[in-house]
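I have placed the structure first, in the form of structure tokens, so that the comments after it can refer back to it.
Computed from heavy atoms alone, side chains included, the values below leave out hydrogens, waters and symmetry copies. Just follow the structure's listing: the first ligand is 1, and inside any ligand the first atom is 1. For reference, positions follow the sequence shown, starting with 1.
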Amino acid sequence: MARFRKDPDPRFWRLNRSLPFDWQLAIYDIDQSRAHARGLRAIGVLDDDELARMEAGLERVRARMGEHGFAFEEADEDIHMAIERLLGEEIGTLAGKLHTGRSRNDQVATDVAMVVQAHSLRAIELCGAAMGRLLEQAEAHRDWTMPGYTHLQRAQPVYLGHHLLAYFWMLARDVLRFQFALNSASVMPLGSGALAGVNWEIDREAVAADLGFAHVSHNSIDGSSNRDFVLDYLAAASTCAMHLSRLGSEIVIWSSSEFGFCELDESFSSGSSIMPQKKNPDSAELLRAKSPRVAASHQTLLGVMHALPLTYGKDMQEDKEPLFDAIDTIEACLEVTEGMLSGIEFDRERMEAASGDEMLAATEVADLLVRRGVPFREAHGIVGDLVRDAIAQDKPLSELTPEELRQRSEHLDDSYYEVLQRSSWLESKRIAGGTGSAPLAAQLDRARATLAAVGARLRDQRA
Ligand code: ARG
């Protein structure tokens, strides 16, 4: 570097060198350099012939880096310097003109924004695919009953389709979060220079349009120091990974012999090296366990950016590994979710037997009392007494005698036995968003429309 006479100490170099991870920016850096070169041509810094040679050179660099066995040099500090060196090998001193009106600070910010755009879009696509599977399974199991849980204790029966759609809506919100990250990464920092802007009036709007950015940054200081778009992606990915971990966790529990609610396809399970009978839900366990890692990436970058004086600090080079790791992790998890859900088998009898527990109808009885004018809190107490009576005699609620009922409340007549009929527990949930089959049908319609909108938005953004 310009003023230096000494080589960097190898200990410092190892810490400073970002090439071991930022090589992943190569394709974005080359695209960006091509657009920047066109911007330089438009203001006469390059002539037509120079631009043509530079574009051809950049394409040769792209091809060389794609070659099997391609190796960088130890002296290459980062991907930007490496590409410039390789371009020099291809087109000679002309390569030195490419860095006119650009700093590595706005260059790297632009590359990273391009990564976030591409992978936000990919995440939306993968969320859409997983939502499609959830919807398919929900439709196929719209009238299968299962116990719903709170505190992992049986609470109220629901339809399996209703339970599966809960995950559909979580992912639908994740799509919105990834869309937010995509929008925030659609502001081009290039042109901010090191921090103050550059001395060349490159048409930033034209370069942005060339690169697929919707806007250009309004302030060069903000442009070179902003990494909010990475944080937005990491926040979206953390929440999405948390959702998948809850799904994974339920599948682990449900596939145990104790529950026996579902079984994963062999292609998403593993055996044991010692116990031949085992079929383990490893895919679901890993969905469960990967989530804190994504959240940690978010925390890491928040920590890096915390209290960092404007504008660029080398600290910001630490944005990449958390981002790349989160991208790999969330994309793998979403792909597994989709695959795992396509081959999962549910056990109708097991789920139904578990949801037939009459105690689950306790709220139904309380509501019956409420309809007779008893305040809900009081009704809750009466039913609590009935539950205790039944447990004490080791019999189901429906076998309490009319006398026993009247001892607890004058309002308990034959309707008591009617609300204890299983079929009524779910169908009584007719409220919008409830598990009853009418609101569930409406919910399925909504879900289909939401999924279609995700697909349409993807097509727009790809176009
Ligand atoms: N490798 C650096 C990074 O990832 C590129 C920017 C270097 N800028 C600088 N002023 N040293 O952040």
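A distance-only check finds a donor-acceptor pair linking the side chain of H99 to the backbone of R102 [under 3.5 Å].
Donor-acceptor pairing under 3.5 Å is lacking for the side chains of S224 and N105. A donor-acceptor pair shorter than 3.5 Å cannot be found between the side chains of S291 and R246. Residues H36 and Q107 bring no donor and acceptor atom of their side chains to less than 3.5 Å of each other.
When only non-hydrogen protein atoms are considered, atom 11 (N) of ligand 1 lies nearest to R104 NH2, 3.7 Å. In this structure, the protein non-hydrogen atom closest to atom 5 (C) of ligand 1 is D78 OD2, 3.4 Å. Ranking protein heavy atoms by distance to atom 6 (C) of ligand 1, first place goes to Y312 OH, 3.4 Å. For atom 1 (N) of ligand 1, the closest non-hydrogen atom on the protein side is Q317 OE1, 2.7 Å. Among protein heavy atoms, the minimum distance from atom 8 (N) of ligand 1 is reached at N105 OD1, 3.0 Å.
The part of K320 lying near ligand 1 is the side chain, judged by heavy-atom distances below 4.0 Å.
The shortest N/O to N/O separation between H80 and ligand 1 does not fall below 3.5 Å. Between K314 and ligand 1, no pair of N/O atoms sits closer than 3.5 Å.
Residues F346 and H141 place their aromatic rings such that the two centres sit under 6.0 Å apart.
We find that D143 and R348 are joined by a salt bridge, their nearest charged nitrogen and carboxylate oxygen being less than 4.0 Å apart.
Within the listing of ligand 1, atoms 1 (N) sit less than 4.0 angstrom from a heavy atom of S18.
Side-chain contact check for M65 versus L86: some heavy-atom pair is nearer than 4.5 Å.
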